[in-house]
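Worksheet: one structure, shown below.
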There are 2 protein chains.
Amino acid sequence: MAFDLQAYLPYLLNRAARRIVAGFTDQIRPLGVGLSEWRVLAALLESDAARIDVLALATSIDASTLSRLVQRMAAEGLVTRTVSESDRRAVAIALSTQGRALAEQIVPIALEWEAKMLGSLDDATTERLRQLLRQLDQNLAPHEATS
Amino acid sequence: MAFDLQAYLPYLLNRAARRIVAGFTDQIRPLGVGLSEWRVLAALLESDAARIDVLALATSIDASTLSRLVQRMAAEGLVTRTVSESDRRAVAIALSTQGRALAEQIVPIALEWEAKMLGSLDDATTERLRQLLRQLDQNLAPHEATS
DNA sequence: AGGAGATATCTGCATCTGCAGATATTTTTT
DNA sequence: AAAAAATATCTGCAGATGCAGATATCTCCT
């Protein structure tokens with residue numbers, strides 16, 4: 001049976017993904033955050049006061065996981081949790097001053113790792129890669145409800 | 001602070017990877033195997049009677065995880081575990097008849113998902129992608145011991 | 001041969017994660 | 001307005017995973 005795991009694209013994709021997660025995570029651990037925390041911080045840098053479900057979408061983290069994560073981050077003083085006025089089921093998550101400082105401290109590290117991952121690829125290739133990854137993601141999207 | 005998580009390559013890489021894992025895993029679950037089991041089966045299709053550490057390298061699964069995984073797969077009758085003659089620390093893992101049949105049953109499903117992921121990309125682009133992913137992986141490799 | 005160090009695997013443990021099912025609140029139906 | 005359905009978050013649970021530290025065996029040096 002002909003099957004070459006080492007040439008199988010989903011495997012290669014996973015391998016590269018795990019690799020960068022491992023390296024980056026190691027580097028930010030001393031700052032007291034893991035990958036998921038960083039994703040939340042990064043997402044909040046863009047749109048502050050986001051709800052859990054919005055954050056879940058932005059970070060690709062499951063809402064239940066995110067719920068617990070955000071609780072811990074709030075306890076650590078990185079974010080604030082405020083019950084929404086208009087919808088008391090919802091919680092608005094925002095960066096605290098400390099959280100923002102931490103996020104801004106990590107951004108350059110994240111960019112370093114992106115650069116390290118890309119190595120000597122030129123800008124055009126990088127852009128092509130970004131486009132390809134988005135395409136793959138879209139091809140795999142649960143279902144295109146062409147409503 | 002300018003940072004766009006949605007354009008950040010490591011994130012995109014992870015997202016695509018998780019997506020295909022989720023879909024593929026869902027599809028093979030009825031067969032009683034998860035992603036890791038499949039990786040082991042696939043690796044064994046190529047080089048039978050591999051040791052744990054070799055399998056760990058081939059599948060990117062941690063040796064301790066793999067140890068437990070292989071024990072379970074042996075209990076399920078998918079693989080055989082044989083203490084090596086020449087080195088009694090080592091264990092040779094091989095596909096059982098049943099394991100091989102299962103592996104060969106999954107191969108076409110795996111290829112389907114690869115195709116689904118690639119969508120309408122032509123062969124040249126696919127090959128380019130494969131090359132890029134390998135490049136990224138190499139750029140991130142722990143350390144190039146150019147011994 | 002005897003011991004130090006390397007190697008292969010296994011076990012303990014602590015964490016992360018996601019699904020399924022609660023709970024609380026809002027919106028839509030009737 | 002009451003009931004039904006939808007929505008946002010949270011909790012219970014059970015499995016996967018990886019690191020660190022055992023354990024067993026082998027290799028090399030003296």
Side-chain angles (χ1 to χ4, degrees), chain A residues 14-15 17-30 32-40 49-76 79-94 142, chain B residues 14-15 17-30 32-40 49-76 79-94 142:
Chain A
N14 257 281
R15 193 146 61 96
R18 285 173 168 277
R19 193 94 92 175
I20 194 162
V21 163
F24 177 64
T25 300
D26 278 354
Q27 188 157 1
I28 62 176
R29 180 165 311 132
V33 292
L35 180 68
S36 299
E37 284 89 341
W38 150 245
R39 288 235 187 99
V40 172
R51 296 188 332 191
I52 295 266
D53 60 345
V54 173
L55 272 184
L57 209 63
T59 59
S60 307
I61 298 172
D62 183 81
S64 72
T65 301
L66 202 48
S67 170
R68 281 181 267 250
L69 186 60
V70 161
Q71 282 176 40
R72 191 174 23 154
M73 290 175 73
E76 292 169 350
V79 300
T80 59
R81 284 164 33 93
T82 316
V83 171
S84 164
E85 277 298 315
S86 54
D87 183 342
R88 289 193 334 234
R89 291 169 301 182
V91 183
I93 315 297
Chain B
N14 257 283
R15 194 147 59 96
R18 285 173 167 279
R19 194 93 91 174
I20 193 163
V21 164
F24 177 64
T25 300
D26 278 353
Q27 187 157 1
I28 62 175
R29 180 164 312 132
V33 292
L35 180 67
S36 300
E37 283 89 343
W38 151 244
R39 288 236 187 99
V40 172
R51 296 188 332 191
I52 296 266
D53 60 345
V54 173
L55 272 184
L57 209 63
T59 59
S60 306
I61 298 173
D62 183 81
S64 72
T65 302
L66 203 46
S67 171
R68 279 182 268 248
L69 185 59
V70 162
Q71 282 176 41
R72 192 175 21 156
M73 291 175 73
E76 292 169 351
V79 299
T80 59
R81 284 165 34 93
T82 316
V83 172
S84 163
E85 277 298 316
S86 54
D87 183 342
R88 291 195 330 236
R89 292 168 301 182
V91 184
I93 315 297

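Protein chains get the first letters and strands the later ones, always in sequence-line order, with residue 1 at the start of each.
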> Any side-chain N or O of B:Gln71 under 4.0 Å from OP1/OP2 of C:dT9?
Replying inline: no
>> Is there a side-chain contact between B:Arg81 and B:Ile93 in this structure, where contact means two heavy atoms from C-beta onward sitting under 4.5 Å apart?
In response: yes
> Within the structure, does a side-chain N or O atom of A:Arg72 lie under 4.0 Å from either OP1 or OP2 of C:dC16?
Replying inline: yes
> Out of C:dC13, C:dT9, C:dG18, which has the shortest distance to the side chain of A:Asp62?
Replying inline: C:dG18
> Which nucleotide in the set D:dA8, D:dT11, C:dT9 lies at the smallest distance from any side-chain heavy atom of B:Asp53?
Replying inline: C:dT9
> If only atom types and distance count, is the side chain of B:Glu37 paired as donor or acceptor with the main-chain N or O of B:Gly34 below 3.5 Å?
Replying inline: yes
> Between D:dT9 atom P and A:Leu66 atom CG, what is the distance in whole Å?
Replying inline: 9 Å
>> To check you understand the geometry: which heavy-atom pair defines the closest contact between B:Leu66 and B:Val40, and what is its length?
In response: CD1-CG2, 3.6 Å
>> Side chains of B:Leu69 and B:Arg39, heavy atoms from C-beta outward: is any pair under 4.5 Å?
In response: no
>> So, OP1 or OP2 of D:dT9: does either fall under 4.0 Å of a side-chain N or O from A:Ser67?
In response: no
> B:Arg88 CZ to D:dA24 P: how many Å, rounded?
Replying inline: 12 Å
> What about A:Arg18: does its side chain form a donor-acceptor pair under 3.5 Å with the base of D:dG18?
Replying inline: no
> Taking for each residue the nucleotide of DNA chain C with the nearest heavy atom, is it A:Arg89 or B:Val54 whose nucleotide lies nearer the 5' end?
Replying inline: B:Val54
>> With a cut-off of less than 4.0 Å, is there a side-chain N or O of A:Arg81 near OP1 or OP2 of D:dC10?
In response: yes
>> Please compare A:Ala90 and A:Arg68 by the position of their nearest nucleotide in DNA chain D and report the one closer to 5'.
In response: A:Ala90
>> Reading DNA chain C from 5' onward, which residue's closest nucleotide shows up sooner: A:Ser64 or A:Ser86?
In response: A:Ser64
>> Once rounded to the nearest 0.5 Å, what's the spacing between atom CD1 of B:Ile52 and atom OG of B:Ser64?
In response: 10.0 Å
> Is the shortest side-chain N/O distance from A:Ser36 to OP1 or OP2 of C:dT17 below 4.0 Å?
Replying inline: yes
>> For D:dA16 and B:Thr65 - does any side-chain N or O of the residue sit under 4.0 Å from the phosphate oxygens OP1/OP2?
In response: no
